[in-house]
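Written below as structure tokens is the structure these notes are about.
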Amino acid sequence: MQFRVGIVGATGMVGQRFISLLKDHPWFKVTCVAASARSAGKTYREAVGDRWAFDWEIPADVAEMTVLDAANIDEVGKLVDFVFCAVDMKKDEIRALEESYARHEIPVVSNNSACRGIPDVPMVVPELNAAHLEVIESQRKRLGSQRGFIAVKPNCSIQSYVPAITPLLDFGPEKISVCTYQAISGAGKTFKTWPEMVDNVIPYIGGEDEKSENEPLKIWGHVEEVDGAKQIVNAELPVISAQCLRVAASDGHMAAVSVSFKNKPSIEQIKERWANFETEAQRLELPSAPKPFLQYFEEPDRPQTKLDRDFQNGYGVSIGRLREDKLFDYRFVCLSHNTVRGAAGGGILTAELLCRKGYIQPKD
């Protein structure tokens, strides 16, 4: 199975991470890089310049590619079977661009938030809600496309604690309080480009609290037919209260979570669920699927961002410090790699799922 892949928004940090993770991918080959008009016509190396964010070199097969204008959809479409999208634009502009790609019969796997709230756009963590892909049929009818569609990955801030709570849903979580401690790469920054973050914490990330409170309800929702079209109906519970802080870490989002359940499990039951959580991504043998997806630390000082963010090559989730809580039932700490699991890697894993299930197919 081989697919030609385009990266729209290729010069930004998430675009750079896509390029890095796709090097030597067994299914996907980068055949097109696209960005804003000011980058178009340059080689990728020239367009990125000194903004390349990583210690390793730009993959040689991409470095000399000519960057295309992301708005030139016909030109991009000739070179790809589908695209990853990670652009830095206003939300209404992003939605218009992604829907235009879909109407031009180009599937879009998006890192952006613009389409996450649309009921017929699946917002996917492949291990958790693969069944939501069935709304794509209705989305295609709405957009008037046969092959094109949009699938999105959720916000990076929720990808540590939502996987930890999902195996416990049958115990009926009712209330969740979460505080996330988010790395600067989530803002597309490094310490070189954002020296103000050294030795600093900023207690505000625009829009992040709301995303952390609302997006899990879509992931935990269900597919329902409404007026003859399939759409995702959000879960009504749990109620989530979130605070999101920017902290002086290069990569890795940590979450401190407190949860109350309708039917309170034991600590042993919770740990057993985490230890034995098997996922659709594993069963389908997707190339990037972490095995295991979740790991639990008994040590009281783990997980740690610097030590544990790269668990399962950055695709896994680490959990620790499960204990009784005086206001809720339990509290614990989670960690995920925000630009791998939470951004580009999550998009790649979603694309693998879409390809395996036949929603994305190579062009003839």
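Quantities reported herein were computed from a predicted structural model and do not represent experimental measurements.
Between the side chain of Tyr296 and the backbone N or O of Leu322 there is at least one donor-acceptor pair closer than 3.5 Å. Between the side chain of Gln182 and the main chain of Val247, no donor-acceptor pair closer than 3.5 Å is present. The closest donor-acceptor contact from the side chain of Tyr359 to the backbone of Pro107 lies at 3.5 Å or more, if one exists at all. No side-chain donor-acceptor contact under 3.5 Å links Glu174 to the backbone of Pro238. The closest donor-acceptor contact from the side chain of Asp209 to the backbone of Cys244 lies under 3.5 Å. For Ser138 (side chain) and Lys230 (main-chain N/O), a donor-acceptor pair under 3.5 Å exists by modelled atom type.
Counting only heavy atoms from C-beta outward, the side chains of Ile205 and Ser157 never approach each other to under 4.5 Å. Within the 4.5 Å cutoff, no side-chain heavy atoms of Pro290 are placed close to those of Asn313. In this structure the side chain of Val124 never reaches within 4.5 angstrom of the side chain of Leu354, judged on heavy atoms. Side-chain atoms of Val108 and Phe149, non-hydrogen and from C-beta on, never get closer than 4.5 Å to each other. Residues Pro216 and Tyr161 meet the side-chain proximity criterion, which asks for heavy atoms closer than 4.5 Å. A 4.5 Å side-chain heavy-atom check between Leu284 and Lys357 finds at least one atom pair inside the cut-off. In this structure the side chain of Tyr181 never reaches within 4.5 angstrom of the side chain of Leu335, judged on heavy atoms. Residues Pro59 and Ile19 have side chains in contact (heavy-atom distance under 4.5 Å, counting atoms from C-beta outward).
Judged as a salt bridge (Lys or Arg N to Asp or Glu O under 4.0 Å), and not counting sequence neighbours, the contacts of Asp170 are Arg273. The side-chain contact (heavy atoms from CB on, under 4.5 Å) check on Glu137 picks up Lys141, with sequence neighbours excluded. Applying the ring-ring contact (aromatic ring centres under 6.0 Å, His included) rule to Phe54 yields the partners Trp52, Trp56; only residues at least two apart in sequence or on another chain are considered. Qualifying salt bridge (Lys or Arg N to Asp or Glu O under 4.0 Å) partners for Asp88, counting only residues two or more places apart in sequence or in other chains: none. Partners of Phe311 according to the ring-ring contact (aromatic ring centres under 6.0 Å, His included) rule, which considers only residues two or more places apart in sequence or in another chain, do not exist here. The ring-ring contact (aromatic ring centres under 6.0 Å, His included) check on Phe18 picks up Phe84, with sequence neighbours excluded.
Under the 3.5 Å distance criterion, with hydrogens and angles disregarded, a donor-acceptor pair is assigned to the side chains of Ser185 and Asn338. Ser110 and Glu98 share a side-chain donor-acceptor pair at under 3.5 Å. Checking Ser177 against Ser258 by side-chain atom types alone, no donor-acceptor pair falls below 3.5 Å.
Between Glu280 and Arg356 there is no salt bridge, since none of the side-chain N atoms of the basic residue sits less than 4.0 Å from a carboxylate O of the acidic one.
Among Arg309, Arg17, His253, the one residue that satisfies the side chain to side chain donor-acceptor pair (under 3.5 Å) test with Thr339 is Arg17.
The number of heavy atoms from other shown groups lying within 6.0 Å of NZ (Lys271) is above 12. Other residues, nucleotides and ligands contribute at most 12 non-hydrogen atoms within 6.0 Å of the NZ atom of Lys29. More than 12 heavy atoms of other shown residues, nucleotides or ligands fall within 6.0 angstrom of atom NZ in Lys264. Within 6.0 Å of the CD atom in Glu299, the count of heavy atoms belonging to other residues, nucleotides or ligands exceeds 12. A 6.0 Å sphere centred on CD of Glu134 holds more than 12 heavy atoms belonging to other residues, nucleotides or ligands. When the shell of 6.0 Å around CZ of Arg51 is examined, it contains more than 12 heavy atoms from other residues, nucleotides or ligands. Counting non-hydrogen atoms of neighbouring residues, nucleotides and ligands closer than 6.0 angstrom, the CG atom of Asp199 reaches no more than 12 such neighbours. Gln282 CD: more than 12 foreign heavy atoms inside a 6.0 Å radius.
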Exercise. Go through Arg246 and Glu196 one step at a time and tell me if the salt bridge (Lys or Arg N to Asp or Glu O under 4.0 Å) criterion holds.
Key: CA-CA 12 Å; Arg246 187 73 70 194; Glu196 297 84 359; over 6 Å; no
Exercise. Applying salt bridge (Lys or Arg N to Asp or Glu O under 4.0 Å), run through Glu127 and Arg341 and close with a yes or a no.
Key: CA-CA 11 Å; Glu127 292 88 349; Arg341 163 54 65 178; 2.7 Å; yes
Quiz prompt | Pair Cys115-Arg95, side-chain contact (heavy atoms from CB on, under 4.5 Å): steps then yes or no | solution = CA-CA 6 Å; Cys115 295; Arg95 176 171 176 173; 3.9 Å; yes
Quiz item: Please walk me through it: do Arg116 and Asn155 pass side-chain contact (heavy atoms from CB on, under 4.5 Å)?
Solution: CA-CA 9 Å; Arg116 289 179 191 159; Asn155 186 262; 3.4 Å; yes
Exercise. Determine, step by step, whether Asp81 and Lys363 satisfy the salt bridge (Lys or Arg N to Asp or Glu O under 4.0 Å) criterion, reporting the C-alpha distance in whole Å, the side-chain angles of both residues, the deciding distance to 0.1 Å, and the verdict.
Key: CA-CA 6 Å; Asp81 297 316; Lys363 292 178 182 177; 5.8 Å; no
Practice problem: Report the C-alpha distance between Arg140 and Gln146 in whole Å, list the side-chain angles of each, state the deciding distance to 0.1 Å, and finish with yes or no for side-chain contact (heavy atoms from CB on, under 4.5 Å). | Solution: CA-CA 6 Å; Arg140 282 172 166 163; Gln146 299 296 314; over 6 Å; no
Practice problem: Start with the C-alpha gap between Arg302 and Gln295, add the side-chain angles, then the distance that decides, and say whether side-chain contact (heavy atoms from CB on, under 4.5 Å) holds. | Solution: CA-CA 11 Å; Arg302 302 283 289 276; Gln295 69 170 344; over 6 Å; no
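Atoms CD and CG, on Gln139 and Leu133 in that order, are 11.0 Å from each other to the nearest 0.5 Å. Here Asn111 contributes atom CG and Cys85 contributes atom SG; the two are 8.5 Å apart, rounded to the nearest 0.5 Å. We find the CG-OH distance between Asp310 and Tyr315 to be 12.0 Å, quoted to the nearest 0.5 Å. The CD1 atom of Ile219 sits 11.5 Å away from atom CG of Asn214, with the distance rounded to the nearest 0.5 Å. Here the straight-line distance linking atom OG of Ser336 with atom CD of Gln312 works out to 13.5 Å at 0.5 Å rounding. Expressed to the nearest 0.5 Å, how far NZ of Lys153 lies from OG of Ser113 amounts to 9.0 Å.
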